[in-house]
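Note that this is a predicted model, so its numbers are computed, not measured.
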Amino acid sequence: MAKKATAETIEVAPQEVAVKTAPQKPTKPTWEIKDRVYYLKGNKSPLTLTIPSKHTRKHSLLYFDEQSGRQREIRYATNQDSPLVDEQKGECTMGHIRFMDGDLKVPKTQQNLQKLLSLYHPLKGKIYEEFSATAVAEDQLDILDLQIDALNAARSMDVDQAEAILRVEKGSAVNSMSSKELRRDLLLFAKNNPALFINLANDENVMLRNFAIRASETGIIKLSQDQRTFTWGSNGRKLMNVPFDENPFSAFAAFLKTDEGVEIYKSIDKKL
């Protein structure tokens with residue numbers, strides 16, 4: 001009698017069953033019930049300024065609804081909950097949207113006006129903005145960071161470069177300033193106008209412009225009365241013509257970087 005073959009048992013680790021989960025829909029931002037303030041852009045503060053509150057041929061007040069793919073008319077009706085015309089019912093009492101002294105304070109009880117100004121009005125971002133404490137804090141932080149960068153750069157700057165930058169701001173008054181006065185005013189300039197200071201500090205032509213101005217003030221070179229020609233102060237020989245509609249000293253600074261200008265730079269530097 002043949003023996004029965006015994007089947008070999010192989011253990012298999014239990015497999016995890018993949019469970020399909022439905023993709024999560026993005027959560028819609030919640031509308032916060034609070035008092036809101038709107039202000040005119042550009043630091044404008046007229047006594048009164050009225051912006052359109054309903055759609056007309058002259059002033060288009062339409063909101064494009066991406067979900068429905070259609071334009072929806074908006075208007076400010078004081079007795080309606082929604083600023084969207086197709087959601088308003090019955091007789092409407094129209095209201096004015098008026099900024100006083102550059103701003104408009106809208107209490108939380110006027111949700112229809114708040115939503116019209118914050119969500120739908122086409123002039124938002126063009127004529128007015130909504131005040132945001134977070135946005136103000138971010139702007140102030142950016143300014144403080146810029147001031148720190150500018151002050152650090154000013155602190156490590158040598159006197160010649162300090163003079164060149166301050167000459168842009170103060171003109172020939174820098175000639176009579178001591179080194180301590182230059183450093184003090186440079187730090188104040190960096191603090192009060194950090195963006196301009198950093199631009200000037202990174203401008204390679206600032207030093208050359210200052211060099212040209214000093215050469216002109218000491219009579220080494222001369223600029224003609226019509227500000228069109230530079231000549232040697234000693235013999236009147238022409239050095240260069242100033243291109244039309246350019247600052248003379250900026251043009252001369254650019255000229256000093258040419259092959260011919262490098263030799264002239266060396267000659268002026270010896271005399272200075």
Side-chain angles (χ1 to χ4, degrees), residues 40-44 125-127 139 142-272:
L40 298 177
K41 296 184 66 176
N43 294 323
K44 297 178 182 178
K126 298 178 180 178
I127 289 182
D139 290 342
D142 290 341
I143 292 172
L144 288 171
D145 285 339
L146 198 61
Q147 284 178 335
I148 291 171
D149 292 341
L151 287 168
N152 285 335
R155 204 173 170 189
S156 60
M157 194 169 284
D158 60 45
V159 175
D160 289 339
Q161 192 175 3
E163 178 189 316
I165 290 176
L166 281 178
R167 191 180 292 276
V168 176
E169 182 76 4
K170 295 181 174 293
S172 59
V174 298
N175 295 334
S176 59
M177 295 174 67
S178 66
S179 59
K180 287 188 176 181
E181 288 174 326
L182 283 171
R183 291 197 174 281
R184 176 202 63 197
D185 285 12
L186 187 72
L187 288 169
L188 290 173
F189 181 36
K191 178 183 177 183
N192 296 330
N193 204 333
L196 176 58
F197 173 85
I198 290 175
N199 286 336
L200 291 173
N202 293 330
D203 186 352
E204 60 181 12
N205 286 334
V206 167
M207 292 290 290
L208 288 175
R209 279 202 299 269
N210 186 55
F211 179 83
I213 293 170
R214 286 173 58 205
S216 176
E217 290 174 344
T218 55
I220 298 173
I221 61 174
K222 286 186 177 180
L223 177 62
S224 61
Q225 289 187 349
D226 62 359
Q227 297 195 331
R228 303 294 301 161
T229 307
F230 279 101
T231 59
W232 283 114
S234 56
N235 56 24
R237 184 167 65 87
K238 186 174 74 171
L239 293 173
M240 67 162 290
N241 290 324
V242 178
F244 178 74
D245 209 24
E246 277 194 30
N247 178 279
F249 293 103
S250 295
F252 195 79
F255 168 70
L256 291 176
K257 293 191 290 186
T258 64
D259 292 340
E260 181 184 358
V262 168
E263 296 303 319
I264 293 172
Y265 175 88
K266 292 178 181 178
S267 178
I268 294 173
D269 192 39
K270 290 179 182 178
K271 296 174 182 178
L272 279 175

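Taking each heavy atom of A164 and M207 in turn, the nearest pair found is CB-SD, 3.7 Å. Across every non-hydrogen atom of A201 and M157, the tightest pair is CB-CE, 4.0 Å. Nearest heavy atoms, R155 versus L187: N-CD2, 4.1 Å. The shortest heavy-atom contact between R209 and S250 is CD-OG, 3.1 Å.
The main-chain N or O of D158 is never found under 3.5 Å from a side-chain atom of Q161 such that the two would form a donor-acceptor pair. Within the 3.5 Å criterion, the main-chain N or O of T229 finds a donor-acceptor partner in the side chain of S224. Using a distance-only test at 3.5 Å, with no hydrogens or angles considered, a donor-acceptor pair links the side chain of K41 to the main chain of G125.
Taking E263 as the reference, nothing meets the side chain to side chain donor-acceptor pair (under 3.5 Å) condition, with sequence neighbours excluded. A search for ring-ring contact (aromatic ring centres under 6.0 Å, His included) contacts involving F252 returns F230, F255, not counting sequence neighbours. Evaluation of the side chain to side chain donor-acceptor pair (under 3.5 Å) rule for K257 yields E204, N205 as partners, not counting sequence neighbours.
The CD atom of Q147 lies 10.0 Å from the CG atom of N193; values are rounded to the nearest 0.5 Å. Between the CG atom in L256 and the CZ atom in F249 there is a gap of 11.5 Å [rounded to 0.5 Å]. Rounded to the nearest 0.5 angstrom, I198 CD1 and I165 CD1 are separated by 10.5 Å. Rounded to the nearest 0.5 Å, atoms CG (D149) and CG (D145) are 6.5 Å apart. Taking CD from E163 and OG from S179, the interatomic distance works out to 11.0 Å, rounded to the nearest 0.5 Å. Separating the CG atom in L146 from the CG atom in L151 is a distance of 9.5 Å, to the nearest 0.5 Å.
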**Q.** Worked verdict on M177 versus K170 for side chain to side chain contact (heavy atoms under 4.5 Å, CB included)
**A.** CA-CA 11 Å; M177 295 174 67; K170 295 181 174 293; 4.1 Å; yes
Q.
Quick one, V242 with Q227, criterion side chain to side chain contact (heavy atoms under 4.5 Å, CB included). Give me CA distance, side-chain angles, the key distance, then yes/no.
A. CA-CA 7 Å; V242 178; Q227 297 195 331; over 6 Å; no
Q: Quick one: do F197 and N192 satisfy side chain to side chain contact (heavy atoms under 4.5 Å, CB included)? Show the steps, please.
A: CA-CA 9 Å; F197 173 85; N192 296 330; over 6 Å; no
Q) Could you go step by step and tell me if I213 and E217 meet the side chain to side chain contact (heavy atoms under 4.5 Å, CB included) rule? A) CA-CA 6 Å; I213 293 170; E217 290 174 344; 3.6 Å; yes
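With contacts defined as side-chain heavy-atom distances shorter than 4.5 Å, the pair T231/L239 does not qualify. Using a 4.5 Å heavy-atom cutoff, the side chains of K271 and T218 are not in contact. Between R183 and V159, some side-chain heavy-atom pair lies under the 4.5 Å cut-off. Using a 4.5 Å heavy-atom threshold, the side chains of R214 and R167 count as touching. Side chains of I148 and N152 form a contact here, defined as non-hydrogen atoms less than 4.5 Å apart.
The local environment of CZ in R184 is crowded, with over 12 non-hydrogen atoms from other residues, nucleotides or ligands closer than 6.0 Å. Residue D142 places its CG atom among more than 12 non-hydrogen atoms of other residues, nucleotides or ligands, all under 6.0 Å distant. Counting heavy-atom neighbours within 6.0 Å of N235 CG, excluding the residue itself, gives a total above 12.
In summary, of the residues considered (V262, I264, D269), a side chain to side chain contact (heavy atoms under 4.5 Å, CB included) with K266 occurs for V262 alone.
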